[in-house]
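Working notes for the structure below.
In this text the structure is predicted, and so the values were computed from the model without any measurement.
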Amino acid sequence: MSSTLWRPKILLIKKQKMTFDEIVNYRRSVRHYKNIPIDSDIVKHCIEQATLAPNSSNMQLWEFYHVTNPEILKKLAVACLGQQAATTAQQMVVFVTRQDLHRKRAKEMLTLETQNVQKNSPSEKQAKRIKTWNMYYGKVIPFLYSRFLGILGVFRKIMVNLIGLFRAITYQVSENDVRVVVHKTCALAAQTFMLAMANEKYDTCPMEGFDSRKVKSILNLPFGAEINMVVSCGIREENGVWGDRMRVPFEEVYQRI
Ligand SMILES: Cc1cc2nc3c(=O)[nH]c(=O)nc-3n(C[C@H](O)[C@H](O)[C@H](O)COP(=O)(O)O)c2cc1C
């Protein structure tokens, strides 16, 4: 007697990996996501990949808030001015700068660089290299990253302008300049994250249209934290991307020297 039981066939759909070119082209800012959950472990992995982004002096003055809680997502959508990219998002990642952690990070980096020298440098060069790292993370970085009502930046500007009379030097040392550095670094992590998500065929939308006070309060962030970007996540709805991709002619922005 033959069995009448119907057994569903397990379909093993192997995700086809994209090339880098395909990933870059696949990534679009998506404003309307499908009402389909996405895997938070995959999103978390993409955030881990984002931490491999280049960052100034390896200070890693960033934090990533991976929001999956539906109540918090609703609040965040309001803080993101009710944009559809936020209201339809399945998850969100808030990219946060933490310039206020510069002393802690400089200490951590000094320890890591010292270990790195001990492991990889010839023994006769170790003392000198460790001294250089001590100078850099122990003195230069704390001096450069400190903030006090803009005054420390003015002082640093005067200093570099004087030194600049005799040798090449970085002039971007005002308190606002350093703040830009920290945000630049965080934005590189955000871009790495969005490409990592595209690699998983997950969609994103970077948003700077948000009420930063509300976002900070929802996430209970300390005074020194700043919101760099909110990135909504999900799977694109059929019309989730607004039209064709538009860029000014490449020749207008490309200069070969
Ligand atoms: C820093 C930054 C902030 C952005 N803020 C918003 C935003 O608040 N809302 C939005 O819908 N798109 C936002 N975008 C997405 C841009 O509009 C989008 O990247 C641009 O139109 C190019 O489209 P594409 O990303 O699909 O190539 C932002 C992008 C960046 C890089």
Quick one, M197 and C233 - any side-chain contact, counting heavy atoms below 4.5 Å? yes
Nearest heavy-atom pair of T97 and C186: which atoms, and what distance? CG2-CB, 3.8 Å
Residues V160 and I169: closest non-hydrogen pair is O-CG2, 3.6 Å
List the atom of L61, the atom of L101, and the distance in Å for their closest heavy-atom pair. CD2-C, 3.8 Å
Do other residues, nucleotides or ligands put more than 12 heavy atoms under 6.0 Å from the CG atom of N120? yes
Any heavy-atom pair between the side chains of V67 and V93 that's under 4.5 Å? no
Can you tell me if F143 has over 12 outside heavy atoms packed within less than 6.0 Å of its CZ? yes
Before giving the answer on ring pair (Phe, Tyr, Trp, His ring centres under 6.0 Å), spell out for F193 and F64 the whole-Å C-alpha distance, their side-chain angles and the decisive distance to 0.1 Å. CA-CA 10 Å; F193 168 71; F64 313 100; 8.5 Å; no
Within the 4.5 Å heavy-atom criterion, are S146 and H102 side-chain neighbours or not? yes
Evaluate the side chain to side chain donor-acceptor pair (under 3.5 Å) criterion for residues S57 and Y136: first the C-alpha distance (whole Å), next the side-chain angles of each, then the deciding distance (0.1 Å), finally the verdict. CA-CA 10 Å; S57 295; Y136 190 66; 2.6 Å; yes
Heavy-atom side-chain contact between S40 and Q91 under 4.5 Å: yes
Assess whether a salt bridge exists between R179 and E226, defined as any Lys/Arg side-chain N lying under 4.0 Å from an Asp/Glu carboxylate O. yes
Pair D177 + K157, salt bridge at N-O below 4.0 Å: yes
Counting heavy atoms not belonging to D21, are there more than 12 under 6.0 Å from its CG? no
Salt bridge E63-R98, side-chain N to carboxylate O under 4.0 Å: yes
Check step by step if side chain to side chain contact (heavy atoms under 4.5 Å, CB included) holds for M59 and I141. CA-CA 9 Å; M59 287 283 279; I141 287 286; 3.4 Å; yes
Would you say the side chain of K184 lies within less than 4.5 Å of the side chain of V180, judging by non-hydrogen atoms? yes
Under 3.5 Å, side chain of Q99 to main-chain N/O of A225, donor-acceptor pair present? no
Other residues, nucleotides and ligands only: do more than 12 of their heavy atoms fall within 6.0 Å of CD on E238? no
Between M194 and L76, is there shared hydrophobic-cluster membership here, with clusters defined by ILVMFWY side-chain heavy atoms closer than 4.5 Å? no
Under 3.5 Å, side chain of R156 to main-chain N/O of V173, donor-acceptor pair present? yes
Would you check if W133 and T111 make a side-chain contact, meaning some heavy-atom pair closer than 4.5 Å? no
Quick one: does S29's side chain get under 4.5 Å of R27's, heavy atoms only? yes
Count the heavy atoms of every other residue, nucleotide or ligand shown that sit under 6.0 Å from CZ of R245, and state whether that count exceeds 12. yes
Considering only heavy atoms from C-beta outward, does the side chain of V241 approach that of R236 to under 4.5 Å? yes
Counting distance only, does the side-chain N/O of S232 pair as donor-acceptor with the main-chain N or O of A85 below 3.5 Å? yes
Greater than 12 external heavy atoms within 6.0 Å of K75's NZ: no
Within the distance-only criterion (no hydrogens, no angle test), does the side chain of D211 pair as donor or acceptor with the backbone N or O of A79 below 3.5 angstrom? no
